[in-house]
2 protein chains.
Amino acid sequence: MTGFPQEKIHEATRALRAVAHELRLAVLCHLSERPMTVSELQAATGAVQSNLSQHLAKMRLMGLLTCERHSQQVTYRLADPAFARLTETLKSIYCSPTGAACPGEDPPSKRSTL
Amino acid sequence: MTGFPQEKIHEATRALRAVAHELRLAVLCHLSERPMTVSELQAATGAVQSNLSQHLAKMRLMGLLTCERHSQQVTYRLADPAFARLTETLKSIYCSPTGAACPGEDPPSKRSTL
DNA sequence: ATAGAATATGAGCACATTCTAATATTGTCA
DNA sequence: TGACAATATTAGAATGTGCTCATATTCTAT
C-alpha cells in the first residue's frame, strides 16, 4: 500500500462514496467534459429533477463539485479537474481496448470461487 | 460522457461500490501490490477477522477479487490487474505532488455554496 | 478421533441511502 | 404584483450497509 496513508484513504473513500452510484457517476462523466447546468444534466441523464438535485447536492457536499448560479440556471462543474482522472481510469478499465475486467456479472446467486 | 455507455457505467458503479469503504479500499491497495492471505491482510489492516472476511467476500462477489486456498490459508488477489489503476489514480489525486483536490472536509454542518 | 488454526457464514440491530411526492425558493418578465 | 421557470429542500417509506457475536467449515497435526 506504498504511499497511501490511512488519512488519505479516508479522503479517497469519501470521493468514492460520492461517485458509487449510477446517476452520480454519469454526472461525473458529463462534467468531466464540460460544466453543465442542472437542466442540461437532467436532459442528459433522464433523471427526475428533485432526485438529480439531491445527488448534485451530495456531490457538492462531498467536495466533488462546485456550482454557481446565473440568473435562474445553476452551473455545476468538477471541484478539481483531477477528478476527471477517475472517470478516465474507469473508462480505461471497462471500455478498454484489451477488454479487461469482466467481473462475474451481477451476483449469480451467491458463492462462486472456493 | 464520450465513450462511456450506460451499460459500462453500471458495471463501473459496481466496482466503485465495492471499493467505497475504508477497509475495502485499504485491502485493494494492499492487493494492488501483491496477493496476500487473509491473516496477512488482517495484520496489515488491523480489522476484526469476521468483519474482514465479510468484506473480502463482498469484493469477491462484486468481481474485484479472486481467491484460492492453500491448505488452511486463503490467498486473495485482484481479479484483474487493471483494478490497480484505480488505487493509482486515487493516489495521484490525493497524494499528488501538486496537492490537488482538497474537498471541503467532512460535512461542515450543511449548506455551503450557493 | 480430537484439538487447534485459519476462514467463512448467519442473525440481528443500528444507521445510511435512495426514491418519490409535495412544497419552498429564487429570479425573470409581463 | 402575479405567473412561470429552474432549482432546492423536506418528509417518509423502503431498502441497503456495516458491525458484532456466535457458530460453522476446513485443514493439519497429534
Side-chain angles (χ1 to χ4, degrees), chain A residues 9-10 13-28 30-31 35-62 64-77 106-107 109-114, chain B residues 9-10 13-28 31 35-62 64-77 106-114:
Chain A
I9 292 256
H10 178 71
T13 298
R14 292 191 71 221
L16 287 173
R17 279 205 313 274
V19 176
H21 183 280
E22 272 186 59
L23 177 53
R24 294 197 300 263
L25 177 54
V27 165
L28 187 75
H30 282 109
L31 297 184
M36 292 174 82
T37 69
V38 176
S39 29
E40 284 178 314
L41 285 169
Q42 195 177 339
T45 64
V48 165
Q49 187 271 319
S50 95
N51 195 18
L52 174 60
S53 183
Q54 284 173 137
H55 284 294
L56 288 172
K58 165 169 292 196
M59 295 178 83
R60 181 159 55 73
L61 291 173
M62 295 291 255
L64 257 289
L65 310 180
T66 62
C67 63
E68 53 189 278
R69 165 159 238 145
H70 293 106
S71 77
Q72 13 238 90
Q73 317 232 125
V74 176
T75 299
Y76 279 81
R77 74 188 64 227
D106 297 69
S109 71
K110 232 185 177 185
R111 212 143 294 118
S112 53
T113 315
L114 244 229
Chain B
I9 291 257
H10 178 70
T13 298
R14 292 191 70 222
L16 287 174
R17 278 204 313 274
V19 177
H21 182 280
E22 272 187 58
L23 177 52
R24 294 197 299 264
L25 177 54
V27 164
L28 188 75
L31 297 183
M36 292 173 84
T37 68
V38 175
S39 28
E40 284 179 314
L41 285 169
Q42 194 177 339
T45 64
V48 165
Q49 186 272 316
S50 94
N51 195 17
L52 174 59
S53 183
Q54 282 173 140
H55 284 295
L56 288 172
K58 166 169 290 195
M59 294 178 84
R60 180 160 54 74
L61 291 173
M62 295 291 253
L64 256 289
L65 310 180
T66 62
C67 62
E68 53 187 278
R69 165 159 237 146
H70 293 107
S71 77
Q72 14 238 92
Q73 317 231 125
V74 177
T75 298
Y76 280 82
R77 74 188 64 228
D106 298 68
S109 72
K110 229 185 173 184
R111 210 144 296 118
S112 54
T113 315
L114 245 227

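Order of the sequence lines fixes the chain letters, A, B, ..., with proteins taken first and strands second; residue numbering starts at 1 for each chain. Quick caveat: nothing in here was measured; it's all calculated off a predicted structure.
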**Student:** Please report the C-alpha distance between Arg60(B) and Tyr76(B) in whole Å, then the side-chain angles of each, then the deciding distance to 0.1 Å, and finally whether the side chain to side chain contact (heavy atoms under 4.5 Å, CB included) criterion is met.
**Tutor:** CA-CA 9 Å; Arg60(B) 180 160 54 74; Tyr76(B) 280 82; 4.2 Å; yes

**Student:** What's touching nucleotides 18-23 of chain D from the protein side, N or O pairs under 3.5 Å?
**Tutor:**
{"residue": "dG18(D)", "atom": "OP2", "partner": "Arg24(B)", "partner atom": "NH1", "Å": "3.1"}
{"residue": "dG18(D)", "atom": "OP2", "partner": "Lys58(B)", "partner atom": "NZ", "Å": "2.9"}
{"residue": "dC19(D)", "atom": "OP2", "partner": "Asn51(B)", "partner atom": "OD1", "Å": "3.0"}
{"residue": "dC19(D)", "atom": "OP2", "partner": "Asn51(B)", "partner atom": "ND2", "Å": "3.3"}
{"residue": "dC19(D)", "atom": "OP2", "partner": "His55(B)", "partner atom": "NE2", "Å": "2.5"}
{"residue": "dT20(D)", "atom": "O4", "partner": "Gln54(B)", "partner atom": "OE1", "Å": "3.4"}
{"residue": "dT20(D)", "atom": "O4", "partner": "Gln54(B)", "partner atom": "NE2", "Å": "3.3"}
{"residue": "dC21(D)", "atom": "N4", "partner": "Ser50(B)", "partner atom": "OG", "Å": "2.8"}

**Student:** Do Leu64(A) and Leu31(A) come close enough that some side-chain heavy atom pair is under 4.5 Å?
**Tutor:** no

**Student:** For the pair made of CG in Leu56(A) and C1' in dT9(D), what is the distance, rounded to whole Å?
**Tutor:** 14 Å

**Student:** Please identify each residue that fulfils salt bridge (Lys or Arg N to Asp or Glu O under 4.0 Å) with Glu22(B), with sequence neighbours left out.
**Tutor:** none

**Student:** Pull out every protein N or O sitting under 3.5 Å from an N or O of nucleotides 24-30 of chain C, one pair per line with the distance.
**Tutor:**
{"residue": "dT28(C)", "atom": "O4'", "partner": "Gln72(A)", "partner atom": "OE1", "Å": "2.7"}

**Student:** Tell me, please, which residues at least two apart from His21(A) pass side chain to side chain donor-acceptor pair (under 3.5 Å).
**Tutor:** none

**Student:** Taking only residues two or more places apart in sequence or in another chain, which ones pass side chain to side chain donor-acceptor pair (under 3.5 Å) with Ser39(A)?
**Tutor:**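 Side chain to side chain donor-acceptor pair (under 3.5 Å) check on Ser39(A) returns Thr37(A).
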
**Student:** Rounded to whole angstrom units, what separation is found between the CZ atom of Arg60(A) and the P atom of dT9(D)?
**Tutor:**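 After rounding, the reported distance stands at 7 Å.
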
**Student:** Between P on dA8(C) and CD on Gln42(B), what's the gap in Å once rounded to a whole number?
**Tutor:**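 In whole Å, dA8(C) P and Gln42(B) CD are 11 Å from each other.
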
**Student:** What is the distance, to the nearest angstrom, from the CD atom on Glu68(A) to the P atom on dA8(D)?
**Tutor:**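 Distance, rounded to whole Å: 13 Å.
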
**Student:** According to the salt bridge (charged side-chain N to carboxylate O under 4.0 Å, His left out) rule, which pairs have a member within residues 42-52 of chain A, sequence neighbours left out?
**Tutor:**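 Qualifying pairs: none.
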
**Student:** Name all pairs fulfilling the salt bridge (charged side-chain N to carboxylate O under 4.0 Å, His left out) condition that reach into residues 44-57 of chain A, sequence neighbours left out, sorted by first residue then second.
**Tutor:**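 Salt bridge (charged side-chain N to carboxylate O under 4.0 Å, His left out) check on residues 44-57 of chain A returns no pairs.
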
**Student:** What nucleic acid atoms does Ser39(A) come within less than 4.0 Å of, heavy atoms only: base, sugar-phosphate, or nothing?
**Tutor:** sugar-phosphate

**Student:** Within less than 4.0 Å of OP1 or OP2 of dA6(D), is there a side-chain N or O belonging to Tyr76(A)?
**Tutor:** no

**Student:** Restricting to side-chain contact (heavy atoms from CB on, under 4.5 Å), what partner residues turn up for Ala43(B), sequence neighbours left out?
**Tutor:**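 None.
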
**Student:** To the nearest Å, give me how far apart CG (Leu41(B)) and C1' (dA8(C)) are.
**Tutor:** 15 Å

**Student:** In whole Å, I'd like the distance from the CZ atom of Arg14(B) to the P atom of dT17(D).
**Tutor:** 11 Å

**Student:** Grab the CG-P distance between Leu16(A) and dT17(C) for me, whole Å please.
**Tutor:**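 Rounded to the whole Å, the gap is 14 Å.
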
**Student:** Taking only residues two or more places apart in sequence or in another chain, which ones pass side chain to side chain donor-acceptor pair (under 3.5 Å) with His30(A)?
**Tutor:** none

